[in-house]
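To start, the structure under review is shown below, and the notes come after it.
Throughout, numbering of the chain's residues begins at 1 and tracks the sequence.
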Amino acid sequence: MAGFSLRHFMPRVLRKRLWGDRERWGLAVNSEDPHWQEWQETYAKFYMANQRQGLGTKINDAGYQVMADVNLSGQTVLEIGAGDIRHMKHWIGVPDNYLLADISNDMMEFAKAHLATQGVPHETLLLQRDQSLPLANESVDIVVSFYSLEHLHPLEDHLNEILRVLKPGGILIGAVPAEGGLAWGFGRLITSRRWFKKHTTVDPDKIICWEHPNFADDILSTLDTRFNRQAVSYWPLPWLSLLDPNLIIRLEYRKA
């Protein structure tokens, strides 16, 4: 039941308003598309306006609590899509080395500065889109991924890279938005779509597909085929382990 969503029974005219026009635009980024290029120029502004103010902050922060479930002491940790590392307030222990991997130099520099102020040993890995991780096999104890798995396409290839660099028994921990669920789709309809219309000429039907190619239920089912599930919890209605009424899914998986 956790993977059930009413989207499977909705007509396309409604689905595309909530989750983008996937039938028309597909899931792979068209880097030559002018709407995508404008989006790349305005992403940072969008992020600060929608993810780091008001309700957006509360929703994102809900996922970070999962970090209290692991001890980072003495570990080599890799974070994919580091953002601003707001989850640090939930840390238990300090890692021996914290690796930051991101395709955005601006976001990575922000994370780097935050780690430096806290005295956390760290390295940065600036990547190109779809680039393999420049790390040795089985060299990482913990992979942290907050709000990044929904972006990675094709997901299977990226998960294989995570598996490659994780040590046996290593942990993948983080959270994803409840993408593909009704609550997330309607929330975006009244927030992000309005911002796009007001501040850009971007067609959100394209950007939603290309930025969030992976639905949350598909992410979980794919993880289940490659890792051992340790814990999955839903927010804000944890007693309803369903996609549609929730906004965030916290997850912890272990490599066999």
Side-chain angles (χ1 to χ4, degrees), residues 1-8 19 27 59-83 86-87 90-93 95 98-99 101 133 135 137-184 212-256:
M1 287 295 292
F4 173 83
S5 174
L6 290 175
R7 75 170 187 273
H8 298 296
W19 303 291
L27 305 179
I59 292 171
N60 279 338
D61 285 354
Y64 298 147
Q65 297 171 20
V66 72
M67 289 300 292
D69 293 340
V70 296
N71 190 331
L72 304 184
S73 298
Q75 304 296 297
T76 296
V77 180
L78 166 66
E79 180 161 5
I80 298 174
R86 291 173 65 92
H87 52 77
H90 299 291
W91 283 14
I92 298 175
Y98 202 92
L99 306 171
L133 294 168
L135 296 170
N137 295 350
E138 300 182 355
S139 58
V140 172
D141 298 293
I142 299 171
V143 171
V144 175
S145 174
F146 284 103
Y147 315 121
S148 63
L149 295 179
E150 68 275 12
H151 297 282
L152 304 179
H153 180 75
L155 179 61
E156 292 84 355
D157 292 349
H158 291 278
L159 291 182
N160 288 339
E161 269 295 281
I162 291 174
L163 279 169
R164 180 183 67 80
V165 302
L166 266 178
K167 297 176 182 178
I171 293 172
L172 168 63
I173 192 166
V176 295
E179 183 63 85
L182 288 182
W184 187 266
H212 282 196
N214 305 317
F215 289 139
D217 47 340
D218 295 330
I219 292 172
L220 292 180
S221 63
T222 305
L223 285 169
D224 285 337
T225 66
R226 286 165 167 76
F227 295 80
N228 293 329
R229 181 187 287 209
Q230 303 299 295
V232 169
S233 62
Y234 292 72
W235 183 91
L237 304 177
W239 57 90
L240 286 176
S241 297
L242 295 169
L243 188 61
D244 283 333
N246 283 291
L247 294 170
I248 297 296
I249 303 174
R250 306 182 191 108
L251 55 88
E252 181 183 343
Y253 282 81
R254 186 179 297 274
K255 178 179 176 179

*Is the closest side-chain heavy-atom distance between M67 and F146 below 4.5 Å?*
yes
*asked:* Go through it in stages, so that I can follow the logic: the residues are I171 and V143, the test is side chain to side chain contact (heavy atoms under 4.5 Å, CB included), and I'd like the CA-CA distance, side-chain angles, deciding distance and then a yes or no.
replied: CA-CA 6 Å; I171 293 172; V143 171; over 6 Å; no
*Can you tell me how far NE2 of H153 sits from CG of L149, rounded to the nearest 0.5 angstrom?*
14.5 Å
*Does a side-chain heavy-atom distance below 4.5 Å link R229 with L220?*
yes
*Where is the tightest heavy-atom contact between V176 and A216, given as atom of each residue plus distance?*
CG2-CB, 4.3 Å
*Closest non-hydrogen atom pair between G181 and W19, with its separation*: O-NE1, 3.3 Å
*Can D61 and R86 be said to form a side chain to side chain contact (heavy atoms under 4.5 Å, CB included), step by step?*
CA-CA 8 Å; D61 285 354; R86 291 173 65 92; 3.1 Å; yes
*Are R254 and N228 close enough that a side-chain donor and a side-chain acceptor fall under 3.5 Å?*
no
*Please assess L251 against L223 for the test side chain to side chain contact (heavy atoms under 4.5 Å, CB included), listing each intermediate value before the final yes or no.*
CA-CA 10 Å; L251 55 88; L223 285 169; 4.1 Å; yes
*Quick one: are W184 and I59 in side-chain contact, heavy atoms under 4.5 Å?*
yes
*Has the side chain of D244 got a donor or acceptor atom that lies under 3.5 Å from a matching backbone atom of L182?*
yes
*Would a distance-only check, ignoring hydrogens and angles, find a side-chain to backbone donor-acceptor pair under 3.5 Å from N246 to L237?*
yes
*Mark yes or no for whether E252, through its side chain, and I173, through its backbone, hold a donor-acceptor pair below 3.5 Å.*
no
_Within this structure, what is the CG-CD1 distance for the pair N60 and I248, rounded to the nearest 0.5 Å?_
6.0 Å
*Worked check of side chain to side chain contact (heavy atoms under 4.5 Å, CB included) between H8 and D217*: CA-CA 12 Å; H8 298 296; D217 47 340; 4.1 Å; yes
*Rounded to the nearest 0.5 Å, what's the gap from CZ on F227 to OG1 on T222? Could you check?*
11.0 Å
*Can you check whether E150 reaches I219 side chain to side chain, under 4.5 Å on heavy atoms?*
yes
*Return yes if some donor-acceptor pair links the side-chain N/O of S139 with the main-chain N/O of L135 below 3.5 Å, else return no.*
no
*Does a side-chain heavy-atom distance below 4.5 Å link I80 with V144?*
no
*Distance-only, no hydrogens or angles: does the N214 side chain make a donor-acceptor pair with backbone N or O of L155 under 3.5 Å?*
no
*Kindly compute the distance separating CG (D141) from CG (L72), expressed to the nearest 0.5 Å.*
10.0 Å
*Do side-chain atoms of R250 reach the backbone of A62 as a donor and acceptor pair under 3.5 angstrom?*
yes
*asked:* Under the rule for ring pair (Phe, Tyr, Trp, His ring centres under 6.0 Å), what residues qualify as partners of H212, not counting sequence neighbours?
replied: H151
*Does a donor on one side chain sit under 3.5 Å from an acceptor on the other, for S148 and S145?*
yes
*So do L163 and K255 actually touch side chain to side chain, heavy atoms under 4.5 Å?*
yes
*Give a yes or no on whether the backbone of S73 and the side-chain of Q75 come within a donor-acceptor separation of less than 3.5 Å.*
yes
*asked:* If you compare all heavy atoms of G63 against all heavy atoms of A175, which two are closest, and at what distance to 0.1 Å?
replied: CA-CB, 3.9 Å
*Would you give the length of the straight line joining atom CD1 of I142 to atom CG of L78, rounded to the nearest 0.5 angstrom?*
11.0 Å
*Tell me, please, whether Y253 has R226 positioned over its six-membered ring: NZ or CZ under 6.0 Å from the ring centre and within 45 degrees of its axis?*
no
*To the nearest 0.5 Å, how far apart are CG in L243 and CZ in R7?*
6.5 Å
*asked:* For a 4.5 angstrom cut-off between non-hydrogen side-chain atoms, does I249 reach V232?
replied: yes
*Among all residues two or more places apart in sequence or in another chain, which pass the ring pair (Phe, Tyr, Trp, His ring centres under 6.0 Å) test with Y98?*
W91
*Are the side chains of Y234 and L242 in touch, meaning some heavy atoms are under 4.5 Å apart?*
no
